[in-house]
Amino acid sequence: GWQPILQQLRWGSKAVTRHWKAMHFQRQKLLAVTEYIASRPLVPPSCLPREKKPQDHEDNGYAQLLRRQVEEIFRDNRMVAVCQYNSMPDDDMVMMRYYLRKHNIEVKFVLNEIVRPVLSQSKYKNLLPLFVARNILLVSPEAKAKEMLRVLKGVPQVNLLAACIDNTILSRQGVENFAKLPSLETTQSQTVGALAHLPSQTSSLLQRGSAHLTALLDQHIQQLRDEETGTAAPAQSSGDQ
């Protein structure tokens with residue numbers, strides 16, 4: 001298309017029509033005096049109870065399910081050991097679970113937010129100070145403390161803190177002392193032997209007096225017989241002469 005021969009171009013910036021101007025000091029005073037200051041609350045916000053965040057029904061149901069499982073663990077098992085768990089390779093964890101499962105001991109991973117509410121309302125509330133870090137539970141329907149200590153001896157990443165054996169809370173030293181006790185069968189056999197020994201000992205004590213009296217009477221009769229035979233023999237010899 002056709003273009004004009006001469007074109008006018010404008011170089012340079014646009015003219016600035018507004019410049020910053022400081023506010024007059026009287027106006028600054030007026031704004032400072034009329035500034036709104038909110039009244040302070042009577043109770044500081046830090047002293048008020050925190051508002052509970054609304055939770056979904058699905059989360060509440062899942063948390064209730066986990067709490068119910070924790071309750072069943074403490075109710076249906078004779079031994080529940082609380083251990084501090086440090087990070088370890090997956091292969092070592094698999095081997096530890098394998099050796100523990102050979103002795104019918106299961107490993108349970110639990111959350112402190114789930115365990116603490118359950119323990120606070122049960123007779124095991126003295127275990128609450130232990131659930132502050134990452135913990136695991138070693139659960140068994142039998143009191144196999146000796147086997148558990150033997151396996152944990154080779155796993156330094158898992159530290160035994162305490163245990164609940166037969167509804168009794170034991171410290172680590174208490175668990176070690178419990179492991180040194182003889183088995184239930186051995187204790188029962190020793191008890192039966194002790195109970196059987198007492199009647200036999202009592203019977204022997206009761207028969208000792210009569211047996212001693214019988215022995216004295218037999219000895220006295222034997223002495224009388226010896227005296228009679230001793231006196232009769234000289235009289236017979238004198239008659240023959």
Side-chain angles (χ1 to χ4, degrees), residues 1-75 77 80-90 92-93 96 106-139 152 155-164 169-173:
W2 177 83
Q3 294 181 358
I5 300 174
L6 298 177
Q7 293 183 358
Q8 295 181 356
L9 299 177
R10 183 176 178 181
W11 299 91
S13 61
K14 297 182 179 179
V16 178
T17 58
R18 294 183 180 181
H19 296 276
W20 179 84
K21 185 177 180 181
M23 186 182 300
H24 198 271
F25 69 95
Q26 293 183 353
R27 186 177 181 183
Q28 294 180 5
K29 290 182 179 180
L30 180 63
L31 292 177
V33 171
T34 58
E35 184 180 1
Y36 174 75
I37 299 177
S39 59
R40 295 183 178 180
L42 298 177
V43 181
S46 58
C47 298
L48 297 175
R50 297 181 180 179
E51 297 181 358
K52 296 183 178 180
K53 297 181 179 180
Q55 298 180 356
D56 299 336
H57 296 287
E58 183 178 359
D59 295 339
N60 289 335
Y62 182 64
Q64 293 178 2
L65 176 62
L66 295 178
R67 294 192 187 99
R68 195 178 303 115
Q69 291 178 354
V70 173
E71 293 177 356
E72 293 176 356
I73 288 174
F74 281 90
R75 184 179 65 249
N77 295 279
V80 179
V82 182
C83 300
Q84 181 184 5
Y85 174 75
N86 300 315
S87 60
M88 56 187 301
D90 295 339
D92 296 344
M93 173 56 68
M96 185 188 73
E106 296 292 336
V107 179
K108 301 290 184 180
F109 287 88
V110 294
L111 298 176
N112 297 337
E113 295 80 4
I114 301 299
V115 178
R116 293 182 66 87
V118 176
L119 295 180
S120 61
Q121 301 177 359
S122 66
K123 57 184 177 181
Y124 307 113
K125 59 179 63 178
N126 291 334
L127 294 174
L128 283 174
L130 302 180
F131 291 91
V132 294
R134 190 178 182 186
N135 299 328
I136 61 175
L137 300 179
L138 304 183
V139 181
L152 293 182
V155 187
Q157 293 86 353
V158 178
N159 300 321
L160 178 63
L161 301 178
C164 178
I169 298 176
L170 301 176
S171 62
R172 180 184 177 88
Q173 186 63 36

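- Not a single salt bridge (Lys or Arg N to Asp or Glu O under 4.0 Å) links E113 to another residue, sequence neighbours left out.
- Remark: Q173 pairs with N177 by the side chain to side chain donor-acceptor pair (under 3.5 Å) rule, at least two apart or across chains.
- Considering only residues two or more places apart in sequence or on other chains, N112 meets the side chain to side chain contact (heavy atoms under 4.5 Å, CB included) condition with R116, F131, N135.
- A distance of 5.0 Å separates SG of C83 from CG of L160, quoted to the nearest 0.5 Å.
- Put simply, the side chain of N86 reaches to within 4.5 Å of the side chain of N159, judged on heavy atoms.
- Using a 4.5 Å cut-off on side-chain heavy atoms (C-beta onward), L137 and V82 make contact.
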In a table with atom names and distances, give each donor-acceptor pair under 3.5 Å that connects a side chain of residues 21-30 to protein atoms at least two apart or in another chain.
unit_1 : atom_1 : unit_2 : atom_2 : d
H24    : ND1    : Q26    : N      : 3.2
Q28    : NE2    : M23    : O      : 3.1

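- Qualifying side chain to side chain contact (heavy atoms under 4.5 Å, CB included) partners for P44, counting only residues two or more places apart in sequence or in other chains: S46, C47.
- Atom CD of Q157 sits about 11.0 Å away from atom CG of L152, to the nearest 0.5 Å.
- Using a 4.5 Å heavy-atom threshold, the side chains of V110 and I136 count as separate.
- To the nearest 0.5 Å, the span separating CD on E71 from CD1 on I114 amounts to 11.0 Å.
- Here K108 contributes atom NZ and Q69 contributes atom CD; the two are 7.5 Å apart, rounded to the nearest 0.5 Å.
- Residues passing the side chain to side chain contact (heavy atoms under 4.5 Å, CB included) test with K125 are L128, sequence neighbours excluded.
- For R172, the salt bridge (Lys or Arg N to Asp or Glu O under 4.0 Å) partners are E176, not counting sequence neighbours.
- A search for side chain to side chain contact (heavy atoms under 4.5 Å, CB included) contacts involving E72 returns R68, R75, D76, not counting sequence neighbours.
- Applying the ring-ring contact (aromatic ring centres under 6.0 Å, His included) definition to pairs two or more places apart or across chains, those involving residues 108-130 are F74-Y124, Y85-F109.
- The ring-ring contact (aromatic ring centres under 6.0 Å, His included) contacts involving residues 29-51 comprise nothing, where partners must be two or more places apart or lie in separate chains.
- Atom CD1 of I73 is separated from atom SG of C164 by 12.5 Å, given to the nearest 0.5 angstrom.
- No side-chain heavy atom of V155 sits under 4.5 Å from any side-chain heavy atom of D92.
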